[in-house]
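One structure is given here, and the rest of the page talks about it.
In the text below, chain A, chain B and the rest are named by the order of the sequence lines, each starting its count at 1. Atom set for the values below is all heavy atoms of this structure, side chains included, hydrogens, waters and symmetry mates excluded.
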Protein chains: 2
Amino acid sequence: MGRPKAGEPELARDVIIDAAIETLKADGIAALSLARIAASLNVQTPALYWYFRSKADVYTYMSEKIFRDVLDSLDPELVGRDLLWAFGCAMRHKQCAIRDAAKLISMAGVSDEVRTILVPGLLARVADRDITASQARNYLTAIQSLSLGWAIFESNPATSEVMRRSGDGDIAYRDALARLVFGVVLGESPAVSGTDHQEPSS
Amino acid sequence: MGRPKAGEPELARDVIIDAAIETLKADGIAALSLARIAASLNVQTPALYWYFRSKADVYTYMSEKIFRDVLDSLDPELVGRDLLWAFGCAMRHKQCAIRDAAKLISMAGVSDEVRTILVPGLLARVADRDITASQARNYLTAIQSLSLGWAIFESNPATSEVMRRSGDGDIAYRDALARLVFGVVLGESPAVSGTDHQEPSS
DNA sequence: ACCTGAACACCGTTCAAGT
DNA sequence: ACCTGAACACCGTTCAAGT
């Protein structure tokens, strides 16, 4: 391993992205360098430039992969506010599962796939009976903003100390999410099929 | 300039932080290096290490300065939800005024001053008649998360293209903020003295 | 006390060269 | 087509040395 191959290639875009996300999980975004990603693949750093144009490019596709995983975890039956709620829960679930995922997303660009296919597809499912296309965009922006900001706040040890270090962070998040999505003011979660996230069926 | 001084010092923590924020405004966070900050002060890079322990330290105090400016812009009479609303508006106003302010905050640490004085002071003012201390923390977390995430989303050119490129971003933000703070579902801004931000009176 | 100059390890990126 | 090795500019950080 590590020497030029004459057979099938050693790397692939998916392999690199997966390794990058594993490195992110393990060491956080501060340590996420191309050198470390390459080292985890037993490859020299410039090898990555055959598959990606820049480090920013790697970030973009890491972000796409995370977003796609979130979408895949959603019940395809869901529409409207129920879909928004499930999306908000799944987004938070993913950000808890991958360390610094929110910071990665905040630094990363948006791929063509996400911009022209995934987001429009999601918006189309959200725009149901009583939600216009414009409202769908606004709701989605609010939910993504809330989940992104919340994860970033929680990742800061000083902040999370201020903001209480018990297990009620989830409750507080779901409270805020419910206010954004359903307009309810307090307490009981709305009646939603699959109030938690679902794993992809594949 | 640039040579060791025998008189009063050329630098000071405030001067450095101000120069850093000006550099941030001008060139964005990607170009915010200690070398650039030092160059804008006609000083060598290691000089900054006399005043700050690390680049992270500089970031922390840049963030503190921004937070303090936001707090200073608030009407000291405000309490409870009215204060939360004004804080959410002022936070957004500041993030619009300083490029990449949200990304800076998301990367920066929290200073002792912010953690032990400014935030507790704000929380004490928020916890009014019908808001407990615990609810105040949760509300504040939600508002800071929303404003932070919103600014980050808007800063991404691809995202803001998807999310409509008209001037209604402000309306959408205030809508979401109103749902978080007051629980109202749509439209009219609540009756609040000073629905916009105020400049510091000093 | 306050700042410079030189040095170090690390990084992203490019590119000729190997297979 | 796919990967290495060497090189470049830049970065954060340390530290002895100057005033």
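With hydrogens and angles ignored, the 3.5 Å screen pairs a side-chain donor or acceptor of A/R125 with a backbone N or O of A/L78. Under a 3.5 Å cut-off, the side chain of B/R13 and the backbone N or O of B/Y51 do form a donor-acceptor pair. Side-chain atoms of A/D100 come within 3.5 Å of backbone atoms of A/I29 as a donor-acceptor pair (strictly under, hydrogens ignored).
Of the charged side-chain nitrogens involved, none lies within less than 4.0 Å of a carboxylate oxygen, so that A/R174 and A/D170 do not count as a salt-bridged pair.
Across the protein-nucleic acid pair, A/L48 atom CG and C/dC11 atom C1' stand 13 Å apart, rounded to whole Å.
Residues from residues 18-36 of chain A that place a heavy atom under 4.0 Å from any atom of DNA chain C, listed by number: A/S33, A/L34, A/A35. Contacts between residues 50-63 of chain B and DNA chain C, counted as heavy-atom distances below 4.0 Å, involve B/W50, B/Y51.
Relative to the side chain of B/P46, the nucleotides C/dT14, C/dC2, D/dT14 differ in distance, and D/dT14 lies closest. Side-chain proximity of B/Y49 to C/dT4, D/dT13, D/dT4: nearest is D/dT13.
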- request: Given salt bridge (Lys or Arg N to Asp or Glu O under 4.0 Å), test A/D69 with A/K65 step by step and report yes or no.
  value: CA-CA 6 Å; A/D69 283 352; A/K65 159 92 169 137; 3.6 Å; yes

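Taking B/Y173 as the reference, B/W150 meet the ring-ring contact (aromatic ring centres under 6.0 Å, His included) condition, with sequence neighbours excluded. Applying the side chain to side chain donor-acceptor pair (under 3.5 Å) rule to A/R36 yields the partners A/D27; only residues at least two apart in sequence or on another chain are considered. Partners of A/T60 under the side chain to side chain donor-acceptor pair (under 3.5 Å) rule, at least two apart in sequence or in another chain, do not exist in this structure.
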- request: Let me have DNA chain D in dot-bracket notation, would you? Count Watson-Crick plus G-U wobble pairs, both distances under 3.5 Å, and use [ ] for pairs crossing earlier ones and | for inter-strand partners.
  value: ||.|||||...|||||.||

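Relative orientation of the B/F67 and B/F87 rings is perpendicular, given thresholds of 30° and 60° on the angle between their planes.
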